[in-house]
Amino acid sequence: QVQLVESGGGLVQAGDSLRLSCAASGRAFSRLAMGWFRQAPGKEREFVATIGRSSSSTYYADAVKGRFTISRDNDKKMSFLQMTNLKPEDTAVYYCAAKSVILSYTPLRLDEYSDWGQGTQVTVSS
């Protein structure tokens, strides 16, 4: 099992940027694919981005492609989500997730992830 703690959320204006961080402990971080998901009020949790074990593969939801960048630092056991040109519709609780994977597999579905953080709130005002 891996423990995940997100940070970096906050209240920003449309067009601003934020960088979310996810600190991991427990299972060998280098064996984990890392994902970011979000859940807006009254909506289901949805996929945002994922990154493979060695950063060689990344995938993004269409809604954030070109604005968000996922990255990781295996030495520091951290994953990051750089968010630029934020929009009011990006307002949500953002969750970090992890899954132990083989090679470069990058899970996209919520139900594939075994470990979750507690979430960090991002609010974008218009």
Side-chain angles (χ1 to χ4, degrees):
Q1 191 174 5
V2 60
Q3 292 74 45
L4 303 171
V5 178
E6 302 96 334
S7 61
L11 172 63
V12 297
Q13 294 185 332
D16 285 351
S17 299
L18 272 178
R19 188 193 196 205
L20 304 183
S21 299
C22 174
S25 61
R27 191 179 300 165
F29 186 77
S30 61
R31 298 178 182 177
L32 303 174
M34 301 298 296
W36 286 91
F37 292 76
R38 67 186 182 185
Q39 187 167 17
K43 296 186 176 181
E44 294 185 351
R45 195 172 298 188
E46 64 177 8
F47 167 76
V48 175
T50 184
I51 187 167
R53 290 170 52 170
S54 63
S55 303
S56 59
S57 57
T58 57
Y59 295 94
Y60 298 91
D62 288 342
V64 307
K65 202 172 294 183
R67 299 188 298 122
F68 291 11
T69 303
I70 189 171
S71 61
R72 64 188 293 157
D73 185 328
N74 284 353
D75 291 335
K76 295 182 179 178
K77 296 184 179 181
M78 296 192 71
S79 174
F80 306 97
L81 186 68
Q82 179 68 49
M83 305 185 295
T84 63
N85 190 23
L86 283 161
K87 304 176 180 180
E89 51 264 41
D90 294 320
T91 295
V93 177
Y94 283 71
Y95 296 90
C96 175
K99 175 179 174 56
S100 182
V101 296
I102 297 174
L103 299 177
S104 61
Y105 181 66
T106 45
L108 302 180
R109 299 195 321 269
L110 184 151
D111 61 3
E112 292 187 271
Y113 286 85
S114 54
D115 299 285
W116 293 84
Q118 83 289 350
T120 185
Q121 177 70 46
V122 172
T123 303
V124 184
S125 63
S126 57

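We count residues from 1, following the sequence as given. Quantities reported herein were computed from a predicted structural model and do not represent experimental measurements.
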Main chain of V124, side chain of T91: is a donor-acceptor contact present, judged purely on distance under 3.5 Å? yes
When you compare the side chains of Q82 and T84, does any donor N or O come within less than 3.5 Å of an acceptor on the partner? no
So, D90 and K87, do they make that salt bridge, N to O below 4.0 Å? no
Quick check on the hydrophobic clustering: are L4 and Y95 connected, directly or via other members, by side-chain heavy-atom contacts under 4.5 Å? no
Disulfide (SG to SG under 2.5 Å) pairs, two or more places apart, involving residues 42-94: none
With a 4.5 Å heavy-atom cut-off, do R38 and E46 have their side chains touching? yes
Within a strict 4.5 Å, meaning less than it, do heavy atoms of the W116 and L110 side chains meet? yes
Heavy-atom check, side chain of T106 versus side chain of T58, under 4.5 Å: no
Once rounded to the nearest 0.5 Å, what's the spacing between atom CG of D115 and atom CE of M34? 9.0 Å
Quick one: OH on Y105 to OG1 on T50, what's the gap to the nearest 0.5 Å? 9.0 Å
dist C96:SG -> Q118:CD (nearest 0.5 Å) comes out at 9.5 Å
Got a donor-acceptor contact below 3.5 angstrom from the R45 side chain to the V93 backbone? no
Could you pull out every donor-acceptor pair under 3.5 Å between side chains of residues 11-24 and any protein atom, sequence neighbours left out?
{"residue": "D16", "atom": "OD2", "partner": "Q13", "partner atom": "N", "Å": "3.1"}

Name all residues meeting the side-chain hydrogen bond (donor to acceptor under 3.5 Å, both in side chains) criterion together with S125; count only those two or more places apart in sequence or in a different chain, and write none if there are none. none
Output for pair (S56 OG, I51 CD1), nearest 0.5 Å, gives 8.5 Å
Using a 3.5 Å distance criterion without hydrogens, assess whether the side chain of Y113 forms a donor-acceptor pair with backbone atoms of P107. yes
Using 0.5 Å steps for rounding, measure from the CG atom of L108 to the OH atom of Y60. 12.5 Å
Return the OG to CG distance between S114 and D111, rounded to the nearest 0.5 Å. 11.5 Å
Which class fits the ring pair F37 and F47: parallel under 30°, tilted 30 to 60°, perpendicular over 60°? perpendicular
Taking the side chain as everything from C-beta on, heavy atoms only, tell me whether W36 gets closer than 4.5 Å to E6. yes
Kindly indicate whether the side chain of F29, heavy atoms from C-beta on, has any atom under 4.5 Å from the side chain of D75. no
Using the rule that two of Ile, Leu, Val, Met, Phe, Trp, Tyr join whenever any of their side-chain heavy atoms come within less than 4.5 Å, decide whether L32 and M78 are in one cluster. no
Beyond-backbone contact of F80 with D73, side-chain heavy atoms, under 4.5 angstrom: yes
